[in-house]
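Please read the structure below before turning to the comments.
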Amino acid sequence: MNMMHNLPWLFLLLPLVVAAIDWLCFSRHPRLAATLSLLSAAGTFGLCVAYLTGALQTDMPDIYTWMPCSVEQLNLHLGLVMDPLAMRMMLVVTGIGLLVHFFSLGYMKGDTSNHSRYFAGLSIFMFSMSTIVLADNLAMTFIGWEMVGFSSYLLIGHWFDKASAADAAKKAFISNRVGDFGFLLGILLTLGLFGTMNFADMDGKAAGIAPAVLTVTIVCLFCGAIGKSAQFPLHVWLPDAMEGPTPVSALIHAATMVAAGVYMLVRLQVSMGTEAFTETACTIIASVGAITAVIAAIMAVQQDDIKRVLAYSTLSQLGYMVMAVGLLAGEAAMFHLYTHAWFKALLFLGAGAIIVCCHHEQDIWKMGGLCKRMPLTVLCFMMGTCALIAIPGFSGFFSKEAILDAALAKNPVFFWVGAGVAALTTFYMLRLCIVAFMGSARAHGAEHAKEASFTMALPLLVLAVMAIISGYGFIANDLVPFNGFHAHGFALGLPFYVSMGSLAVGILLALAIYGFGGRSKDPLAGNCISKALRNRLYIDALYDKVLIGGLQQVFAHVVEFLDRFIIRGIICQGLVWICYHIGKFLSWIQCGSLRAYTLISGIGLIILILLCQF
């Protein structure tokens, strides 16, 4: 009975143990490592399904006291929360994780890198995200938070012999450290204000706390989401994370790392109560989300790398979710997180299949005509595109409408921002599909492309089905990670008409500029606006030149001056000089001359007499 009570710990222990075995024991047996990781993902997914269907009782597992302290509220423990919010989120994490593991079997075939290390990285990623989702307190959440950063560093830099991949891994790791510093301050402030870090004990304790203090606390906690969910201004790491294997991109962008920030914010809203989220804090959160959604959608318009287009799309959609959280519409945010996880995983895995079958070509202008050579893969990719651009009947339509409804009801400015982003999303996704799939092949890889293998096609088919049906109430009401959620259905009104108008504008613009795939180069390229968009609005260059090459270098020179001239020069070497000369003077006294000793003794006796006299 006790063993059944602790069964939920398998969500954490199974992938962690498998990662250790793959890394330490199966480094020279990649097939065994891949099989073990796949079985681990399947096991956690099966366990999640068993809990959601009631086959296993969701009793609270035993709590392990990690660091007992004399002050009760400072006791740090490892505990799991098994409420509907956590378990439904686990279904998304383990379900997509399983499909990514299976897809990786085909994607990594023929790759010369260390497969055991790759699958060990996937397993430790699953462990890290599961820790965040199931943690019942902020201390344990922070452990998973940092482990997600570590595992993303391993996976983004999997091809570490390639300089761009190594740099991208470091960029992701360092960018997240900036946000995590604020997150840690927020956790400490929460402990001081609420007297606890346990989610179950926070409810109702916001009353009586000064609004300004609450605002600072929530904004500090939000810094963690800015880093993990790649919100402006820490969004710069996510597009570069495309340097890792494409299944890793699907795992990071769909259901794990970038979703952690949104999930954490909603968990805090549920635990603390929405009254803890002051008007100022909500305005900051919603504004950051809206800014991210806009600039990411604009930059996606002129990206030519198929994975980077999807990366900026993820940034933009995360901006939608964060904006919804700031509008206190947590149910809409989690609904979009849930639907987005399925169709964005579909798009990234579809892009991975296209890249492999086009001989690792990622430039959409070197593709073309793929709808004839890869009809099944292209069809699945188009299903994901339809969900992303919110065509009625697909899952993304329902969740996007829920966010637009909430925005219209609470702040019309954000509603119109969302509508504009929707039009841009339609435009850049149709641009991608027209250029890559229509017309004729423009390069050798596209000419010799063939349909994806079974191990890559099966996950695409499963995700394509979810991209269509996951937004309907008969599924969403039971699976969306939010207590008491009810799916948003078809409803005529201003949000619907504006949404359809945005869709039509995006389609017409894409067709007017790119036609049906006959062009060999981008007609929008070559002007200063296109150049700015292709260079990410020069935000990365600003960081490199001003923050890193400017302020950081100035600070480094100041520190070097203090170290060389003050610490080493004056303090360390100065003390050495003083000690040396004192020793040299005292050594003169010990010269071995009897007359000198007599003289010194006489002088000392005279000084002693004078001291005694006066």
Side-chain angles (χ1 to χ4, degrees), residues 121 124-125 128-129 132 144-160 162-184 222-264 288-289 291-300 303 305 307-319 321-322 344 348 362 533-549 551-552:
I124 202 168
F125 212 131
S128 305
M129 189 61 195
I132 292 175
W145 206 261
E146 296 306 301
M147 287 301 299
V148 164
F150 167 70
S151 51
S152 67
Y153 172 80
L154 295 177
L155 289 170
I156 294 170
H158 176 70
W159 292 317
F160 58 85
K162 188 168 64 170
S164 57
D167 291 341
K170 289 184 288 185
K171 189 173 184 177
F173 192 82
I174 294 170
S175 298
N176 276 277
R177 296 292 74 70
V178 177
D180 292 352
F181 178 74
F183 186 41
L184 183 58
F222 176 53
C223 286
I226 290 176
K228 281 292 180 288
S229 293
Q231 297 297 287
F232 178 84
L234 297 180
H235 65 284
V236 292
W237 69 267
L238 194 57
D240 288 343
M242 299 301 96
E243 294 293 339
T246 306
V248 171
S249 303
L251 199 59
I252 290 175
H253 286 247
T256 54
M257 186 170 179
V258 296
V262 178
Y263 174 82
M264 181 269 292
V288 169
I291 292 170
T292 306
V294 171
I295 64 172
I298 291 174
M299 286 188 278
Q303 299 301 314
D305 186 312
K307 289 173 66 176
R308 286 190 183 272
V309 175
L310 299 179
Y312 282 108
S313 169
T314 300
L315 283 174
S316 186
Q317 298 303 306
L318 285 168
M321 300 174 208
V322 171
K344 187 51 65 71
F348 268 107
Q362 296 184 197
L533 296 179
R534 290 173 183 271
N535 285 281
R536 314 178 191 187
L537 298 177
Y538 301 107
I539 295 174
D540 291 67
L542 175 68
Y543 289 174
D544 291 339
K545 300 295 183 182
V546 177
L547 293 183
I548 299 175
L551 296 179
Q552 182 174 298

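Everything quoted here is computed from the prediction, not taken from an experiment.
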Candidate pair T314 and K344, rule side chain to side chain contact (heavy atoms under 4.5 Å, CB included), full reasoning: CA-CA 8 Å; T314 300; K344 187 51 65 71; 3.1 Å; yes

Value for CG (L238) from CD1 (I252), rounded to nearest 0.5 Å, stands at 7.5 Å

Sequence-distant partners of E146, side chain to side chain donor-acceptor pair (under 3.5 Å), two or more places apart: R177

Taking side-chain contact (heavy atoms from CB on, under 4.5 Å) as the definition, give me every residue that meets it alongside V236, ordered by chain and number, with sequence neighbours left out. K171, S175, I539, D540, Y543

For T292, check side chain to side chain donor-acceptor pair (under 3.5 Å) against everything at least two apart and list the hits. Q231

List the residues meeting side-chain contact (heavy atoms from CB on, under 4.5 Å) with F181, not counting sequence neighbours, and say none if there are none. L185

Any heavy-atom pair between the side chains of P245 and W159 that's under 4.5 Å? yes

Return the set of residues passing side chain to side chain donor-acceptor pair (under 3.5 Å) with W145 (not counting sequence neighbours), or none when no residue passes. D180

Heavy atoms, side chains only, cut-off 4.5 Å: are K170 and Y153 in contact? yes

Drop me the distance from T246's OG1 to K307's NZ, to the nearest 0.5 angstrom. 3.5 Å

Heavy-atom side-chain proximity of R536 to H235 below 4.5 angstrom: no

Within the 4.5 Å heavy-atom criterion, are K228 and V148 side-chain neighbours or not? yes

Report the residues that fulfil side chain to side chain donor-acceptor pair (under 3.5 Å) with D167, sequence neighbours left out, ordered by chain and then residue number. none

I124 CD1 to L155 CG distance, which is reported to the nearest 0.5 Å: 9.0 Å

